[in-house]
Amino acid sequence: MSAVTAPTAPPGLTHRQVLQVLGGLMLGLFLASLDQTIVASAIRTIGDDLHGLSAQAWVTTAYLITATISTPLYGKLSDIYGRKKFFLAAIAIFVVGSAASSFATSMYQLAGFRAFQGLGAGGLFSLALAIIGDIVPPRERARYQGYFLAVFGTSSVIGPVIGGFFAGAPSILGITGWRWVFLINVPIGILALVVVAKVLRIDQARREHRIDWWGAIWLCVGLVPLLTVAEQGREWGWGSPRAVVAFAVGALGIGLFVWAEKRMGEDALIPLRFFNNRTFSLTAVGGFIVGLGMFGGLALLPLYLQIVRGATPTESGLQLLPLTAGLMVGSIVAGQLISRTGRYKIFPVLGAGLAAIGLYLIHLIGVATPFWQTGIYMAVLGLGLGLILQPITLAVQNAMSPREIGVATSSATFFRQMGATAGTALFLSLLFSTVGGNIATQFRTAGPAFQQAVTDPAVAADPANRPVIEALQGSGSAPLNDTSFLNHVNPVLAYPFKAGFSDSMDMIFLIAAGVMALGLLVFLLLPELPLRTKAGVNALEEEAAEQAPTEPSAAGPALEPRLPRATGSDAGDSAPRADTAGPSR
């Protein structure tokens with residue numbers, strides 16, 4: 001009985017080479033994760049400078065829409081033609097989009113450039129995770145993903161600080177400070193291109209299959225109108241003709257996408273047989289719900305810290321550190337325990353519960369809540385999220401065939417991104433559709449101090465107070481496209497604005513808590529399968545050997561063996577595995 005081979009050195013790769021590949025992947029991940037955190041802390045300054053804060057959802061959702069739609073396409077193409085060329089293409093597209101974003105002169109132009117940037121972002125996370133699936137077995141993968149978590153944690157710490165620094169600087173080298181939020185990606189991306197091109201050498205045989213272009217087209221037709229109406233519904237009216245047309249076109253697109261996937265069979269962008277696998281189905285639903293609650297809630301925290309609490313962009317970045325610390329601790333703990341015990345189901349269950357509690361606690365905060373209290377609540381939320389994200393990706397990769405790690409990983413990422421996109425669009429739309437009414441209510445119920453300040457001639461004569469005075473003397477509407485006046489206005493006059501924003505955010509955090517609680521119920525149904533102890537390339541070779549015909553065909557070379565088809569709930573999961581823990585044969 002021979003010992004199980006060390007899983008960290010797949011054929012053709014030494015352990016040192018595996019670490020070199022990880023280094024290249026981490027640069028790509030750093031590029032994507034830094035962009036998420038650095039933009040969040042600067043978006044208020046960007047919106048104020050471009051006079052379109054209420055349109056910031058376009059900037060966020062345009063990026064997420066293209067990243068979401070391109071994610072499954074990257075996974076499918078990389079399964080067929082190899083990962084390296086598409087990972088390099090994703091980095092290059094991301095860098096070009098970043099450079100273009102730095103030249104934007106309006107929020108809608110910035111949204112367009114961010115949409116192009118998202119086409120690259122769709123491949124960065126999913127392909128990095130898929131490549132790890134190729135070279136590291138599931139049982140050890142949780143431990144190796146600690147490297148990724150270190151990258152994510154580092155970017156989460158320095159991203160908001162750097163973003164705040166850039167946003168707070170009037171200009172750097174003659175360029176407006178916030179534009180460096182996007183320019184910083186260019187040198188990092190060039191370095192990532194050089195390193196990945198040099199170290200990423202994973203041999204992958206090309207498999208000739210049809211490309212599901214119609215599936216990709218119908219997916220765009222289905223998702224773009226639905227996500228657009230999610231963001232614009234507050235202005236159009238949810239029952240307006242434009243909204244109805246968007247819903248109808250979106251429903252038609254989704255229907256045609258399902259038809260196209262059924263027609264393409266094994267070559268589909270997201271093969272429908274995947275949904276016969278219980279693990280895949282539940283992680284897809286759970287990932288969508290987690291993305292909805294997580295990104296919908298996280299999009300508001302920097303706005304709360306800057307608008308309600310009056311923090312500068314740099315200060316808000318530092319104040320998000322409790323969330324980051326909780327996320328890192330949760331991820332590291334989950335990774336270590338999964339590697340030691342081989343069990344993963346408990347972590348998304350506990351994580352969803354903690355995230356729901358954290359969001360509920362955050363909904364209790366207000367204008368005067370001390371920061372130490374807010375920090376504790378954010379740490380609880382971060383701890384919960386850290387326990388969720390790694391195990392659900394691991395569960396999908398472990399449950400699916402090694403041959404389909406790319407499309408399985410990207411499909412799982414797709415549904416989480418779908419939730420993130422929908423949550424960001426819906427929650428920001430909900431914020432700006434309710435904040436005006438809440439501010440007006442605060443004006444009407446303001447106490448004697450506010451009334452005294454309004455009637456004070458000295459206060460009225462101060463130019464810094466003009467936006468509030470004009471709002472009170474005019475229609476009563478609040479200036480929401482440029483909130484920078486709150487940094488200089490009389491504190492008594494600023495209070496109704498801050499309280500109005502806080503009231504709207506509290507409602508959204510409560511909704512996000514309910515969404516996360518629903519995710520908890522989904523993860524309770526998740527099956528727990530033995531984690532494989534062989535890397536994807538090892539398991540793939542063994543699978544191919546087992547499926548190879550014993551006698552070659554006289555007509556020519558044998559065709560590539562077909563994958564076993566799942567016939568029921570978790571049919572693919574329950575099949576015996578040659579690479580589960582135990583002595584090698």
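Note that this is a predicted model, so its numbers are computed, not measured.
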Looking at every heavy atom in both [X] and [Y], which two are closest together, and how far apart are they?
X: P302; Y: L320; answer: CG-CD1, 4.2 Å
X: I91; Y: A192; answer: CD1-CB, 4.1 Å
X: L219; Y: P72; answer: CD2-CG, 4.2 Å
X: P391; Y: I388; answer: CD-O, 3.2 Å
X: Y63; Y: F94; answer: OH-CE1, 3.6 Å
X: I289; Y: G519; answer: CG2-N, 3.5 Å

(Q) Has S78 got a side-chain atom pairing as donor or acceptor with R83's backbone, closer than 3.5 angstrom? (A)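 Not a single qualifying donor-acceptor pair exists.
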Q) Which pairs with one or both residues in residues 176-185 pass salt bridge (Lys or Arg N to Asp or Glu O under 4.0 Å), sequence neighbours excluded? A) none
**Q.** Pair listing, salt bridge (Lys or Arg N to Asp or Glu O under 4.0 Å) test, anchored in residues 106-120, at least two apart
**A.** D35-R114
Taking only residues two or more places apart in sequence or in another chain, which ones pass side chain to side chain contact (heavy atoms under 4.5 Å, CB included) with [X]?
X: V245; answer: V249
X: L364; answer: Y360, L361
X: A100; answer: F113
X: L387; answer: A334, F347, L350, L354

Extract all donor-acceptor atom pairs below 3.5 Å that involve side chains of residues 21-31 and protein atoms in other chains or at least two apart in sequence.
none

Enter the distance from [X]:[atom1] to [Y]:[atom2] here, rounded to the nearest 0.5 Å.
X: L119; Y: L73; atom1: CG; atom2: CG; result: 10.0 Å
X: I93; Y: L88; atom1: CD1; atom2: CG; result: 11.0 Å
X: L301; Y: I365; atom1: CG; atom2: CD1; result: 7.0 Å

Q) Which residues satisfy the side chain to side chain donor-acceptor pair (under 3.5 Å) test with T176, sequence neighbours excluded? A)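 T176 satisfies side chain to side chain donor-acceptor pair (under 3.5 Å) with no residue once adjacent residues are dropped.
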Q: Apply the test side chain to side chain contact (heavy atoms under 4.5 Å, CB included) to residues F414 and I69: give CA-CA distance (whole Å), side-chain angles for both, the deciding distance (0.1 Å), then the verdict.
A: CA-CA 7 Å; F414 165 77; I69 291 172; 5.5 Å; no
Can you give each donor-acceptor pair under 3.5 Å made by side-chain atoms of residues 368-375, sequence neighbours left out, with the distance rounded to 0.1 Å?
residue: T369; atom: OG1; partner: G366; partner atom: N; Å: 2.6
residue: Q373; atom: NE2; partner: Y377; partner atom: OH; Å: 2.8

(Q) If you apply the rule side chain to side chain contact (heavy atoms under 4.5 Å, CB included), what do you find for I362 with Y304, and how did you get there? (A) CA-CA 11 Å; I362 291 174; Y304 166 79; over 6 Å; no
Q: Apply side chain to side chain contact (heavy atoms under 4.5 Å, CB included) to the pair L323 and L327, showing each step before the final yes or no.
A: CA-CA 6 Å; L323 175 70; L327 183 66; 5.7 Å; no
In a table with atom names and distances, give each donor-acceptor pair under 3.5 Å that connects a side chain of residues 161-171 to protein atoms at least two apart or in another chain.
none

Q. Can you list every pair that meets side chain to side chain donor-acceptor pair (under 3.5 Å) and has a residue in residues 96-106, with sequence neighbours left out?
A. S98-Q117, S98-N185, T105-Q109
Donor-acceptor contacts, no H, no angles, side chain residues 491-517, under 3.5 Å, sequence neighbours left out:
residue: D503; atom: OD2; partner: Q442; partner atom: NE2; Å: 3.1
residue: S504; atom: OG; partner: T434; partner atom: OG1; Å: 3.0
residue: S504; atom: OG; partner: V435; partner atom: N; Å: 3.3
residue: S504; atom: OG; partner: N438; partner atom: ND2; Å: 2.7
residue: S504; atom: OG; partner: G500; partner atom: O; Å: 3.4

